[in-house]
Amino acid sequence: MMPGRLAPIALAVIALSMVVPARAATIEITMENLVISPAEVSAKVGDTISWINKDVFAHTATAKNGDFDVTLPPKKSATSVLKKAGTVEYYCRYHPNMKATLKIEP
Amino acid sequence: MHKHLIAALAAMALSAPAALAAGPAPTDPQIAHIAYTAGVIDINAAKQAQKKAKSKDVKAFAEDMLRDHEAVNKQALALVKKLNVTPEDNDTSKALSKQASDKLAELDKLSGAAFDKAYVANEVAYHKQVNGALETQLIPSAGNAELKSLLQTGLKIFQGHQQHAEHVAAELK
């Protein structure tokens with residue numbers, strides 16, 4: 001038992017976590033067999049979306065409000081950083097039956 | 001003995017989907033042929049559109065059709081090879097091909113905006129027809145699980161194309 005020694009370390013850890021802001025997260029969104037999953041995702045401004053196309057077909061992630069339009073060639077990935085808050089509905093321009101929602105918090 | 005035969009026939013009749021009442025359910029080699037033919041038809045239509053279309057959206061749509069249907073057919077060929085199945089020509093494939101060559105000839109006489117409209121309208125109708133066949137006939141009749149799964153992916157692709165074609169058609173008006 002060394003409570004005397006552990007306490008300062010614990011304090012230092014707490015202090016550090018208070019100074020360093022929460023790291024921006026990377027969120028994976030997959031397109032496979034013409035299905036976008038997850039169909040609904042929550043993220044924050046500053047987070048990165050990693051778009052992963054597992055199909056042999058090209059897809060796009062196209063925001064209905066024009067905020068983003070990512071083209072994904074077959075079996076390729078791409079990333080985009082979220083810059084604006086809001087609930088964005090997006091779809092694939094080539095296969096408009098592929099639809100999903102991205103909830104971006106400030 | 002006779003009674004049993006009648007019962008067996010009745011059971012077979014009941015299990016056949018209504019759409020197939022006119023003939024026997026297609027076999028896997030026939031289904032593979034129909035699906036591949038359906039893809040080739042749309043590839044040929046897209047090639048014609050690439051040469052004749054005027055609108056940028058219609059040209060882009062034709063490009064999308066070409067890319068997707070070539071990708072689907074590549075998968076279909078890989079699957080029949082893997083399963084050691086030889087696609088078998090049949091009346092449905094023949095009827096589809098005949099209908100398609102008549103349509104190609106009809107569209108060939110058109111040009112400019114008239115061609116664009118007619119091509120996109122036919123793409124909507126054609127994808128609708130193929131989707132109907134996939135849903136009611138080809139998918140339920142497919143025996144092999146991998147073939148069934150490829151057809152299900154094909155249905156989603158075709159449904160996407162139908163919606164895409166409907167969007168393009170609406171833009172042309």
Side-chain angles (χ1 to χ4, degrees), chain A residues 27-43 49-80 82 84 86-104, chain B residues 35-36 39 42-43 46 49 55-79 82 120 123-124 127-128 130-131 134-135 139 145-171:
Chain A
I27 295 151
E28 290 190 352
I29 298 179
T30 302
M31 298 179 179
E32 187 170 22
N33 281 324
L34 288 103
V35 175
I36 301 174
S37 61
E40 194 177 307
V41 164
S42 291
I49 302 292
S50 174
W51 306 97
I52 302 163
N53 180 10
K54 293 191 173 176
D55 279 339
V56 296
F57 314 105
H59 293 308
T60 73
T62 305
K64 277 193 183 167
N65 65 5
D67 276 1
F68 53 83
D69 185 9
V70 183
T71 300
L72 295 155
K75 304 269 178 194
K76 292 277 190 271
S77 305
T79 55
S80 45
L82 302 174
K84 230 169 84 185
T87 297
V88 183
E89 291 180 359
Y90 64 97
Y91 66 103
C92 167
R93 270 186 286 118
Y94 305 141
H95 315 101
N97 49 343
M98 295 172 68
K99 287 181 272 192
T101 306
L102 197 54
K103 289 188 169 170
I104 309 159
Chain B
Y36 191 81
D42 210 47
I43 289 169
S55 139
K56 200 173 97 249
D57 287 348
V58 174
K59 272 186 194 290
F61 175 81
E63 177 73 40
D64 296 340
M65 293 306 105
L66 197 63
R67 194 183 56 233
D68 274 4
H69 286 288
E70 279 180 343
V72 177
N73 272 5
K74 204 174 145 197
Q75 280 197 319
L77 281 186
L79 181 62
K82 182 185 161 196
V120 175
E123 284 298 291
V124 173
H127 282 91
K128 216 179 259 180
V130 173
N131 288 338
L134 280 166
E135 276 174 309
I139 294 172
E146 283 180 87
L147 178 63
K148 204 185 263 280
S149 153
L150 180 62
L151 294 171
Q152 276 157 345
T153 302
L155 175 61
K156 277 188 261 174
I157 283 269
F158 273 62
Q159 285 169 336
H161 290 172
Q162 187 188 324
Q163 286 188 23
H164 191 183
E166 281 163 355
H167 288 184
V168 178
E171 295 290 319

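Every chain is numbered from 1, with letters handed out A, B, ... down the list of sequences. Worth knowing before you read on, the calculation uses all heavy atoms, side chains too, and leaves out hydrogens, waters and symmetry mates.
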Novice: Where do A:Pro96 and B:Gly160 come nearest, in terms of heavy atoms and distance?
Specialist: CD-O, 3.1 Å

Novice: What donor-acceptor contacts under 3.5 Å connect chain A and chain B, backbone and side chains included?
Specialist:
unit_1: A:Asn33; atom_1: O; unit_2: B:Lys156; atom_2: NZ; d: 2.8
unit_1: A:Asn33; atom_1: OD1; unit_2: B:Thr153; atom_2: OG1; d: 3.4
unit_1: A:Tyr94; atom_1: O; unit_2: B:His164; atom_2: ND1; d: 3.4
unit_1: A:His95; atom_1: NE2; unit_2: B:Asp68; atom_2: OD2; d: 2.5
unit_1: A:Asn97; atom_1: N; unit_2: B:Gln163; atom_2: OE1; d: 3.4
unit_1: A:Asn97; atom_1: ND2; unit_2: B:Lys156; atom_2: O; d: 2.9

Novice: Could I get the full list of side-chain hydrogen bond (donor to acceptor under 3.5 Å, both in side chains) partners for A:Thr101, not counting sequence neighbours?
Specialist: none

